[in-house]
Amino acid sequence: MSHQESFIAKPDTIESQRPINGVISTKNPGVYLGADWQRLSKVSDKIKLVHSFGHDNAGHAGGSHWVYTSWDNRNVDNGGFQDKPSLGSIISKYRGTNNPANGIPLYVRTNSQIGDGAAWLGKQYSPFDISGDSRGNIRLNASNEILNDRRNLLASLDNFNRHSDRTGLVEAMDSFERQAYNLISGNANEIFDINRESNRVREDYGNSQIGNHLLMARRLVENGVSFVTINHGSWDFHSDIANETKRLVPEVDKAITAFINDIYNRGMENDVLLVMTGEFGRTSLNNSAGRDHAPGLSTLALGCGGINGGGIIGEANRTLNGARSTRITPSDLAATIFHFMNVPQNLMYNDQSGRPQHMVYNGRVFNING
């Protein structure tokens with residue numbers, strides 16, 4: 001989404017950079033949101049708006065790759081592949097793929113996006129995707145006794161041929177099998193089922209895709225999932241941004257506000273960090289009353305995470321096309337997420353050629369609680 005109509009809303013900038021639908025005041029004097037974020041403004045003391053976040057890639061795929069992995073990749077906009085592991089996959093590698101208590105995957109996505117995969121870390125660290133057949137496949141349709149018999153048989157077959165496998169395939173398959181077994185023998189399917197929530201809670205989030213996905217995310221993190229990604233859009237408004245923003249923002253505004261309130265009501269505000277961002281920034285208004293792609297600044301707001309008092313991190317320049325203060329980069333965001341999740345800043349893993357690679361390079365942790 002455009003930073004001008006969301007989290008860097010300035011009524012006193014040049015006209016073409018002012019939020020097209022106006023602004024709404026927050027609980028912090030002189031701090032605004034785009035006018036359509038009516039509900040979020042009421043919980044603005046629980047969010048930090050980052051006014052200096054950005055990078056230099058204005059491509060959909062390339063920008064997403066940079067935000068999800070903290071590394072630039074110019075080839076993905078021309079059909080190239082993700083070449084660095086996502087933050088979620090790194091967390092999965094570091095903490096383990098599944099919660100040992102209930103078998104649930106530690107990295108879950110509600111819908112895919114360029115940059116959210118495991119790359120050379122290995123497919124076993126890819127996100128568990130709730131779309132397609134994934135959810136159906138975690139329902140147990142046999143007794144535990146039969147399941148254990150089948151697992152023992154599979155293990156025997158694997159051991160028989162293990163000595164001849166030099167490709168690493170068996171090792172990877174073992175990991176997948178362990179994940180599958182833990183999933184279907186635990187209560188994971190119940191955790192994914194938002195219908196177990198009360199009607200009041202579901203109404204708070206709203207009957208929308210983003211509402212359902214955020215409600216599921218709350219259920220997941222409440223039950224031990226480490227990292228959840230939600231891709232919601234599209235916000236590519238090259239024309240008529242005023243009406244398009246009015247159309248899309250209300251359901252997102254409702255769902256995010258419900259999530260934040262829910263996290264605080266359950267006493268989880270110090271354990272959950274909500275990251276709201278896009279892949280790049282937007283230009284001044286064009287001749288079609290829309291905004292085109294632009295590097296420099298991008299949307300970023302952080303919720304929960306023990307945030308106290310809300311406010312702004314960093315400073316945008318007057319024309320909202322760059323940072324006036326030191327720019328916060330995707331590497332800084334990754335470092336801050338790792339800091340919040342107690343992941344070492346100097347974490348390294350070997351790539352496919354055996355060379356050790358930094359998971360975050362030159363990232364600076366910024367203070368979300370100050």
Side-chain angles (χ1 to χ4, degrees), residues 3 6-8 26-28 31 33 37 39-54 67-68 70 86-88 90-92 94-95 106-110 116 204-205 210 213-232 252-253 255-278 298-315 325 328-345 347 359-360 363-370:
H3 57 280
S6 56
F7 305 140
I8 313 180
T26 68
K27 292 187 175 183
N28 298 89
V31 179
L33 291 167
W37 298 89
R39 289 181 170 86
L40 199 60
S41 68
K42 294 180 174 60
V43 295
S44 56
D45 57 328
K46 299 178 176 65
I47 60 175
K48 279 287 175 68
L49 308 176
V50 183
H51 279 195
S52 58
F53 176 67
V67 173
Y68 270 113
S70 80
S86 66
L87 302 185
I90 296 167
I91 298 295
S92 181
Y94 181 73
R95 290 189 170 182
L106 293 190
Y107 177 27
V108 177
R109 71 182 180 196
T110 64
D116 69 0
D204 285 344
Y205 280 82
I210 184 66
H213 285 175
L214 273 169
L215 178 53
M216 182 183 294
R218 192 270 290 159
R219 290 178 60 84
L220 292 174
V221 297
E222 191 175 33
N223 284 279
V225 174
S226 295
F227 207 94
V228 182
T229 60
I230 298 172
N231 172 34
H232 187 76
V252 180
D253 183 40
I256 289 175
T257 303
F259 180 89
I260 292 172
N261 286 331
D262 208 0
I263 292 297
Y264 273 82
N265 290 339
R266 293 169 182 271
M268 299 164 60
E269 65 273 14
N270 294 317
D271 304 316
V272 176
L273 179 65
L274 173 66
V275 180
M276 300 167 278
T277 187
S298 186
T299 53
L300 178 61
L302 306 170
C304 309
I307 289 170
N308 183 25
I312 293 173
I313 297 173
E315 185 179 1
S325 61
I328 291 174
T329 68
S331 290
D332 299 332
L333 176 60
T336 303
I337 291 172
F338 278 16
H339 176 75
F340 179 82
M341 300 184 73
N342 295 314
V343 176
Q345 296 293 314
L347 182 67
M359 295 298 95
V360 175
R364 300 169 295 113
V365 177
F366 56 88
N367 185 10
I368 65 175
N369 304 119

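Just so we're clear, the structure is a prediction, and the values are computed from it rather than from any experiment.
Contact of the Leu333 side chain with the Val50 side chain is not registered, since no non-hydrogen atoms from C-beta on lie closer than 4.5 Å. Side-chain contact between Thr26 and Leu33 is present, with heavy atoms from C-beta onward closer than 4.5 Å. Looking only at side-chain heavy atoms (C-beta outward), Ile91 and Tyr107 stay at 4.5 Å or farther from each other. In this structure, Val252 and Trp37 have side chains that are in contact, with non-hydrogen atoms separated by less than 4.5 Å. With contacts defined as side-chain heavy-atom distances shorter than 4.5 Å, the pair Pro330/Phe53 qualifies. Inter-residue side-chain proximity for Lys46 and Ile307 is flagged as unmet; no heavy-atom pair is nearer than 4.5 Å. A 4.5 Å side-chain heavy-atom check between Phe338 and Pro344 finds every atom pair outside the cut-off. Contact of the Ser226 side chain with the Met341 side chain is registered, since non-hydrogen atoms from C-beta on lie closer than 4.5 Å.
Here the shortest heavy-atom pairing between Gln345 and His339 reads NE2-N, 3.4 Å. Gly278 and Ser298 get closest at one heavy-atom pair: O-OG, 3.8 Å. Contact between Gly363 and Ala335 at its shortest, heavy atoms only, is C-CB, 3.7 Å. Scanning all heavy atoms of the two residues, the minimum distance from Gly303 to Met276 falls at N-CE, 4.3 Å. Of all heavy-atom pairs between Val228 and Ala217, the closest is CG1-CB, 4.0 Å. The two residues Ala334 and Ser70 make their nearest non-hydrogen contact at CB-CB, 3.8 Å.
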Quiz item: Under the side chain to side chain contact (heavy atoms under 4.5 Å, CB included) criterion, do His232 and His213 qualify, and how do the steps go?
Solution: CA-CA 9 Å; His232 187 76; His213 285 175; 5.9 Å; no
Practice problem: Go through the steps to decide whether Arg218 and Tyr205 satisfy the test side chain to side chain contact (heavy atoms under 4.5 Å, CB included), and finish with yes or no. | Solution: CA-CA 11 Å; Arg218 192 270 290 159; Tyr205 280 82; 3.8 Å; yes
Practice problem: Please report the C-alpha distance between Leu302 and Phe340 in whole Å, then the side-chain angles of each, then the deciding distance to 0.1 Å, and finally whether the side chain to side chain contact (heavy atoms under 4.5 Å, CB included) criterion is met. | Solution: CA-CA 12 Å; Leu302 306 170; Phe340 179 82; over 6 Å; no
Exercise. Would you check, one step at a time, whether the test side chain to side chain contact (heavy atoms under 4.5 Å, CB included) holds for Phe7 with Leu40?
Key: CA-CA 11 Å; Phe7 305 140; Leu40 199 60; 3.9 Å; yes
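Put simply, the side chain of Asp262 never gets that close to the backbone of Ala258: no donor and acceptor are under 3.5 Å apart. Here the side chain of Thr336 pairs no donor or acceptor atom with the backbone of Val365 at under 3.5 angstrom. Of the possible polar contacts, one joining the Asp332 side chain to the Arg364 backbone as a donor-acceptor pair under 3.5 Å is found. Although no hydrogens or angles enter the test, the distance criterion places a donor-acceptor pair under 3.5 Å between the side chain of Ser44 and the main chain of Lys27.
Val108 pairs with exactly one of Leu220, Ile230, Thr229, Val221 by the side-chain contact (heavy atoms from CB on, under 4.5 Å) rule, that one being Leu220.
Distance check: Leu274 CG to Ile263 CD1 gives 8.5 Å after rounding to the nearest 0.5 Å. The CG atom of Leu87 sits 10.5 Å away from atom CE of Met359, with the distance rounded to the nearest 0.5 Å. Separation of atoms CG (Asn367) and NZ (Lys48) is listed at 6.5 Å; rounding is to 0.5 Å. Rounded to the nearest 0.5 angstrom, Asn28 CG and Asp45 CG are separated by 7.5 Å. Ile47 contributes atom CD1, which lies 10.5 Å from atom CD1 of Ile312 (distance to the nearest 0.5 angstrom). In this structure, CG on Leu49 lies 9.0 Å from OG on Ser6, to the nearest 0.5 angstrom.
Within a 6.0 Å radius of CG in Asn308, no more than 12 heavy atoms belonging to other residues, nucleotides or ligands are found.
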